[in-house]
Structure formats: structure tokens, C-alpha cells
Number of protein chains: 2
Amino acid sequence: MRFIDNPYQCPVTRTMSIIGGKWKPIIINCLGDKSLRFGKLNQLMPAISNKVLSNELKELEALTLIERTEFQELPPRVEYKLTTAGQSLLPLMHEVAKWGNSHLAKQLENQLH
Amino acid sequence: MRFIDNPYQCPVTRTMSIIGGKWKPIIINCLGDKSLRFGKLNQLMPAISNKVLSNELKELEALTLIERTEFQELPPRVEYKLTTAGQSLLPLMHEVAKWGNSHLAKQLENQLH
DNA sequence: ATTTCTAGTTACTAAAAGGTTACTACTATT
DNA sequence: AATAGTAGTAACCTTTTAGTAACTAGAAAT
């Protein structure tokens with residue numbers, strides 16, 4: 001997701017510029033307070049391809065919202081977790097989840113099939 | 001934004017399926033409690049083209065989140081406003097805006113330039 | 001000797017999203 | 001007689017996003 005020109009400094013526009021992609025909020029929410037490996041994230045989000053997951057993780061890392069820890073083991077082990085900055089998004093994710101649990105949201109999701 | 005396969009019924013994934021596009025949250029937030037004309041929306045969001053705005057409004061209308069009222073006048077006048085269903089998203093937009101107003105968000109927005 | 005396990009990367013292709021320009025209809029104003 | 005004003009639409013083109021399949025390393029287990 002490209003940067004959105006924001007001359008009026010709209011805070012919603014700003015948020016969408018930063019985490020407005022399709023997957024970023026889902027990844028942030030999956031991580032929550034946990035530390036998860038690449039493969040585990042892939043399992044939790046079966047609809048994302050490993051290429052896209054890899055890209056999204058890199059972007060989130062560049063934004064300093066997540067931290068990547070590589071262990072010198074074989075087979076490789078890499079863990080991802082939210083930084084303090086990333087954790088500041090959790091209350092927002094909680095609201096997103098709250099709306100997603102509403103009857104209306106469930107109904108609209110069905111309509112999209 | 002296409003429907004995201006959601007076998008574990010993740011509520012965040014569901015929300016992203018429905019309003020996860022780049023522009024939908026911004027439009028919903030712009031509308032707020034007001035009724036706005038097409039041209040006014042275009043002014044408030046200078047970075048969106050009229051083609052894309054037109055498409056997004058149609059999608060939001062199909063989701064029953066906004067209502068379109070056409071006045072029989074010349075030059076044409078059309079107003080858009082949130083339905084009751086659409087208004088249920090306002091608390092969430094409030095949280096989005098809250099995070100967008102944070103120091104961190106402003107810093108990250110600058111970094112994207 | 002082969003398979004498994006992990007976390008990716010690379011190359012290629014397909015699909016979706018987005019942008020640009022020009023155009024319409026009708027009235028009122030200059 | 002020409003221009004402005006509104007809410008789009010149509011055709012065309014470019015950019016971005018996404019998906020697939022094949023491949024890597026090195027140790028451990030079969």
C-alpha cells in the first residue's frame with residue numbers, strides 16, 4: 001500500500017497509509033502478545049501465500065512494528081513478535097475484532113461469498 | 001478488496017474482508033454524521049480519483065453501509081450518508097483516528113515519504 | 001541414500017486496482 | 001454565444017498486488 005497524500009492531516013488517512021494493507025492488521029492481531037514463527041503465522045492465516053507473508057513481515061519490521069529474531073539452528077527458526085510500538089495497535093485491533101464479531105459483520109461476510 | 005478465506009472465523013479477518021480497502025474507512029470517517037455530496041467528498045479526499053470514489057461508494061452502498069439520495073435538480077445533486085449499519089462503524093473509526101493522532105503514527109507517516 | 005524439517009527467495013504469470021482524459025445533460029449566468 | 005456547474009461514465013493504459021512452482025541449506029531420522 002502506497003503512501004496516501006494527506007494535505008488535511010486526517011488521522012484516519014494517516015493510519016490507513018501505515019497499516020492499511022489487506023494483511024497487516026490481521027498479522028498484528030495474530031501476533032498479539034505472542035512470539036510466533038513464520039510457519040505458525042502461515043498456518044493461522046491459510047489464505048496468505050508465503051511470498052506475501054514474507055513481504056508483509058518485512059514491511060512491518062521496517063516500520064518498527066514487529067521484531068524478527070533469528071536463531072542459529074538447523075532447521076532454521078525465526079520468531080516474530082510485536083515491538084512496544086506494535087503493541088500500541090492492540091487496542092485498535094480489539095475494536096476491529098469487536099466489530100467483526102457483530103451480527104452485521106457476519107451477515108455482510110456471508111453476502112460476500 | 002476480495003473476500004478473504006476465513007476458516008477459523010477470525011473477526012479481524014472478517015472486518016478486513018468487508019471494509020479493508022484503502023479508501024473505505026476514510027470515506028466512512030469523512031461522512032461521520034453528515035450528509036455529503038460527491039464533489040464535497042472528492043474535496044475532502046483530494047488523493048482519490050472520481051472513478052475510484054464512485055466505485056467505492058457503490059460498494060459501500062451494496063454493503064448497505066451508506067445511502068445514496070438523488071435529488072431531481074439541475075445541475076445534479078446527490079448526497080451520501082451513513083446508514084444505521086454504517087454508523088455502527090463510527091466507534092471503530094474513532095479508535096483508528098486516535099491511533100492516527102499518536103506521535104508514533106505521525107513519525108511513521110513521515111518515514112513513508 | 002533418501003526424506004524431512006524450516007524459512008524463506010527467485011522467476012514468472014495473472015489479476016486487480018488505480019489513473020487520465022474526454023464526455024454527457026440541462027440550466028443559469030455572463 | 002459561450003461558460004460554469006454537478007455527478008458521474010467510458011475507454012484506455014499503467015502500476016501494484018498476488019499467486020505458483022521450483023529451489024536452497026544442513027542436520028537428523030528412516
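Quick note on labels: first sequence line is chain A, next is B, and so on, each numbered from 1. It should be emphasised that the depicted structure is a prediction, and the values quoted were computed from it without experimental measurement. Only this structure's heavy atoms are used, side chains among them; waters, hydrogens and symmetry mates stay out.
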Tell me: [atom1] of [X] to [atom2] of [N], nearest whole Å?
X      : N       : atom1 : atom2 : result
N42(B) : dT6(D)  : CG    : P     : 11 Å
I48(B) : dT20(C) : CD1   : P     : 13 Å
K40(B) : dG5(D)  : NZ    : P     : 15 Å
K51(A) : dA14(C) : NZ    : C1'   : 11 Å
Q72(B) : dA25(C) : CD    : C1'   : 12 Å
R77(B) : dC26(C) : CZ    : P     : 19 Å
K22(A) : dG19(D) : NZ    : C1'   : 11 Å
I66(B) : dA7(D)  : CD1   : C1'   : 14 Å

Does [N] have its OP1 or OP2 closer than 4.0 Å to a side-chain nitrogen or oxygen of [X]?
X      : N       : result
K58(B) : dT9(D)  : yes
S54(B) : dT9(D)  : yes
R37(A) : dA7(C)  : yes
S49(A) : dT20(D) : no

Touch class at under 4.0 angstrom, heavy-atom based, for F71(B) against every strand present: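 F71(B): no heavy atom of the nucleic acid under 4.0 Å.
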Those residues that, when tested against S35(A), pass side-chain hydrogen bond (donor to acceptor under 3.5 Å, both in side chains) (two or more places apart):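 E79(A).
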Nearest-0.5 Å distance, CG of residue L89(B) to CD1 of residue I66(B): 12.0 Å
Within 6.0 angstrom of Q9(B) CD, more than 12 heavy atoms from elsewhere: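 Counting neighbours around CD of Q9(B), 12 or fewer heavy atoms of other residues, nucleotides or ligands fall under 6.0 Å, so no.
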Residue pairs passing the salt bridge (charged side-chain N to carboxylate O under 4.0 Å, His left out) test where at least one lies in residues 91-100 of chain B, sequence neighbours excluded: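 Qualifying pairs: E95(B)-K98(B).
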Which nucleotide in dG18(C), dA27(D), dG19(D) has an atom nearest any side-chain atom of V52(A): dG19(D)
First encountered from the 5' end of DNA chain D, between E79(B) and P75(A):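 Nearer the 5' end of the strand: E79(B).
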Full working for side-chain contact (heavy atoms from CB on, under 4.5 Å) between L41(B) and L31(B): CA-CA 8 Å; L41(B) 281 165; L31(B) 284 174; 4.1 Å; yes
